[in-house]
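Below you'll find the structure, written out as structure tokens, and then a few comments.
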Amino acid sequence: MSDVLGKIKEAIIDGDSQAVSELAKQALAEGNTAEGILNSAMITGMAEVGQLFEDGEYFVPEMLVAARAMSAGMAILKPQLVQANFQSLGKIAIGTVQGDLHDIGKNLVSMMLEGASFEIIDLGADVPPEKFVEAVRDHNAQIVAMSALLTTTMPSMKLTIEALEAAGLRDKVKVMVGGAPLSDQYASAIRADGYAADANKAVALAKSLIA
Ligand code: B1M
């Protein structure tokens with residue numbers, strides 16, 4: 001790993017937002033791609049934060065400052081990740097499901113989808129089933145995209161699909177799911193239309209769902 005990428009990773013682990021912003025700018029100026037910075041430095045830094053939490057060395061406040069530092073870095077990379085394109089491929093209502101506050105992965109997926117020319121209706125985090133239903137109804141979204149990072153919040157995806165069915169909207173919309181504890185098997189079990197393991201795969205999946 002190059003020097004600047006190593007420093008970004010360390011700054012994520014330390015939760016130093018200012019350093020992450022400055023180093024991300026430096027890394028871009030040195031010719032690194034936004035995706036390279038994200039994957040080699042920032043996401044690996046966050047994975048290490050998760051490991052430190054699991055090992056009992058980090059607690060929620062440390063995870064929170066690391067998340068802020070990650071968001072600060074993503075803000076610097078966003079213009080490179082999202083290139084304006086006016087030909088919309090379709091509308092996607094995206095959110096992290098009810099009870100779940102983890103929004104970094106969702107924001108990243110959302111950015112990449114926007115960069116691939118989808119119109120994004122970002123419902124935020126802790127989104128109850130009825131909010132997804134409302135978004136499909138009000139915006140005519142073709143895809144509902146749900147993220148979950150906690151095993152305890154995964155069932156909310158199933159509840160959202162059932163709410164779409166109850167509202168008579170399930171046939172009009174495709175449902176895609178993702179997040180670290182998810183799998184293809186879980187997606188099939190709750191009758192989602194697809195699962196993506198990361199943001200790039202989410203773009204490919206969204207394209208295939210509306211093709
Ligand atoms: Co929390 N947390 N957290 N946390 N947190 C995890 C998820 C955990 C794995 C840590 C650990 O134990 N190792 C663990 C979950 C265990 C489990 O359920 N199996 C955990 C826990 C336990 C908790 C709390 C319960 C802790 C507590 O309070 N005791 C609590 C729950 C709060 C709640 O949500 N109700 C909690 C709180 C928090 C913070 C608020 C402090 C903070 C989140 C801040 C924020 O998001 N704004 C936080 C953080 C930062 C993490 C870790 C360290 C990092 C998550 C992250 O942002 N990763 C995480 C450990 C880890 O992931 N290793 C952890 C980077 C991000 C780019 O990756 O989100 O996986 P990810 O997204 C990926 C893919 O999953 C995929 O694409 C993305 C890009 O590749 N993807 C999709 C995601 N969504 C997708 C949707 C798609 C497609 C792909 O289509 C729709």
Side-chain angles (χ1 to χ4, degrees), residues 8-9 12-15 17 20 34-35 37-75 77 81 92-116 118 120-128 132 135 141-157 160-161 173-184 186-187 190 192-209:
I8 292 174
K9 184 178 168 187
I12 294 275
I13 296 167
D14 294 343
S17 297
V20 172
E35 280 204 43
I37 299 167
L38 201 54
N39 292 323
S40 317
M42 289 170 48
I43 291 181
T44 53
M46 274 313 251
E48 204 156 315
V49 170
Q51 191 57 51
L52 288 164
F53 178 74
E54 235 167 82
D55 297 344
E57 288 186 41
Y58 267 19
F59 299 94
V60 171
E62 284 88 356
M63 282 207 288
L64 203 53
V65 286
R68 286 206 194 109
M70 176 96 182
S71 299
M74 277 163 55
L77 303 182
L81 292 172
I92 302 183
I94 190 167
T96 303
V97 296
Q98 189 161 35
D100 202 323
L101 301 175
H102 297 87
D103 65 355
I104 294 176
K106 182 271 295 170
N107 291 344
L108 193 52
V109 170
S110 171
M111 257 183 218
M112 298 298 276
L113 288 169
E114 196 182 336
F118 284 96
I120 302 298
I121 302 137
D122 192 339
L123 304 172
D126 190 15
V127 182
F132 282 106
Q142 287 106 317
I143 298 179
V144 163
M146 290 184 274
S147 177
L149 262 286
L150 297 171
T151 45
T152 50
T153 57
M154 287 161 59
S156 186
M157 293 179 158
T160 303
I161 291 173
V173 74
K174 300 287 184 189
V175 175
M176 57 187 274
V177 294
L182 273 284
S183 64
D184 264 327
Y186 189 77
I190 61 170
D193 298 295
Y195 155 78
D198 61 34
N200 283 324
K201 292 195 179 104
V203 170
L205 175 62
K207 285 183 177 167
S208 75
L209 289 177

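Start at 1 and go down the list; that is how both ligands and their atoms are numbered.
- With hydrogens and angles disregarded, a donor-acceptor distance shorter than 3.5 Å links the side chain of Thr96 to the backbone of His102.
- Between the CE atom of Met157 and the CD atom of Gln98 there is a distance of 13.0 Å, given to the nearest 0.5 Å.
- Of all non-hydrogen atoms in Met112 and Leu81, the two that sit nearest each other are SD-CD2, 3.9 Å.
- From Leu108, atom CG reaches atom CG of Leu77 across 9.5 Å, with rounding to the nearest 0.5 Å.
- In this structure, atom 8 (C) of ligand 1 has its sub-4.0 angstrom surroundings free of protein heavy atoms.
- In the vicinity of Leu64, heavy-atom distances shorter than 4.0 Å reach the ligand 1 atoms 40 (C), 41 (C).
- Using 4.0 Å as the threshold, Ser71 has no heavy atom nearer than that to any atom of ligand 1.
- Taking distance alone, with nitrogen or oxygen atoms compared against 3.5 Å, Asp103 approaches ligand 1 more closely than that limit.
- Looking from atom 77 (O) of ligand 1 to the surrounding protein, the closest heavy atom is Asp198 CA, 3.4 Å.
- Scanning all protein heavy atoms for the shortest distance to atom 81 (N) of ligand 1 gives Gly179 N, 3.5 Å.
- To the nearest 0.5 Å, atom CD1 of residue Ile120 and atom CD1 of residue Ile92 are 4.5 Å apart.
- Shown in contact with Ala145 at under 4.0 Å from a heavy atom are these atoms of ligand 1, numbered in order with element: 91 (C).
- For atom 60 (C) of ligand 1, the protein comes within 4.0 Å by at least one heavy atom.
- Side-chain contact between Ile12 and Glu48 is absent, with no heavy-atom pair separated by less than 4.5 Å.
- Any N or O atom pair closer than 3.5 Å counts here, and Met46 shares no such pair with ligand 1.
- In this structure, Gly99 has a heavy atom closer than 4.0 Å to ligand 1.
- The heavy atom nearest to atom 62 (O) of ligand 1, considering only Asn107, Leu38, Leu149, is found in Leu149.
- At under 3.5 Å, not a single nitrogen or oxygen of Gln51, backbone or side chain, sits near a nitrogen or oxygen of ligand 1.
- Note that the CD atom of Glu35 and the CG atom of Leu38 stand 7.5 Å from one another [nearest 0.5 Å].
- The atoms of ligand 1 that sit less than 4.0 Å from any heavy atom of Leu108 are 67 (C), 79 (C).
- Side chain of Asp193 to backbone of Met176: no donor-acceptor contact under 3.5 angstrom is found.
- Atom 24 (C) of ligand 1 has Leu150 CD2, 4.6 Å as its closest protein atom, hydrogens excluded (heavy atom only).
- For a threshold of 3.5 Å applied to N or O pairs, the pair formed by Ala196 and ligand 1 contains no separation below that value.
- From Glu62, atom CD reaches atom CD1 of Ile13 across 13.0 Å, with rounding to the nearest 0.5 Å.
- Considering only non-hydrogen protein atoms, atom 44 (C) of ligand 1 sits nearest to Ala67 CB, 3.5 Å.
- Between Asp100 atom CG and Ser147 atom OG the span is 7.0 Å, to the nearest 0.5 Å.
- For ligand 1, the polar-atom distance check finds an N/O of Thr151 within less than 3.5 Å of one of the ligand's N/O atoms.
- Close contacts between ligand 1 and Ala199 involve ligand atoms 77 (O), 79 (C), 80 (O) [criterion: under 4.0 Å to a heavy atom].
- The residue from Thr153, Val60, Leu205 that puts a heavy atom closest to atom 28 (O) of ligand 1 is Val60.
- Every atom of ligand 1 with a heavy atom of Asp100 under 4.0 Å away is listed here by number and element: 34 (O).
- Regarding atom 22 (C) of ligand 1, its nearest protein heavy-atom neighbour is Phe53 CE2, 4.0 Å.
- Evaluated by nearest non-hydrogen atom to atom 2 (N) of ligand 1, the leading choice among His102, Glu54, Met70 is His102.
- Considering backbone and side-chain N/O of Met176, none are found under 3.5 Å from N/O of ligand 1.
- For atom 87 (C) of ligand 1, the nearest protein heavy atom (residue, atom name, distance) is Gly178 CA, 3.4 Å.
- For atom 79 (C) of ligand 1, a protein heavy-atom neighbour is found at a distance under 4.0 Å.
- Counting heavy atoms from C-beta on, the side chains of Met154 and Leu182 come closer than 4.5 Å.
- Using a 4.5 Å heavy-atom cutoff, the side chains of Tyr195 and Lys201 are not in contact.
- Of all protein heavy atoms, the one lying nearest to atom 76 (C) of ligand 1 is Ala197 O, 3.4 Å.
- The shortest N/O to N/O separation between Thr152 and ligand 1 does not fall below 3.5 Å.
- Some N or O of Ala180 is nearer than 3.5 Å to an N or O of ligand 1, by distance alone.
- Scanning the protein for heavy atoms near atom 68 (O) of ligand 1, the closest one is Gly105 CA, 4.4 Å.
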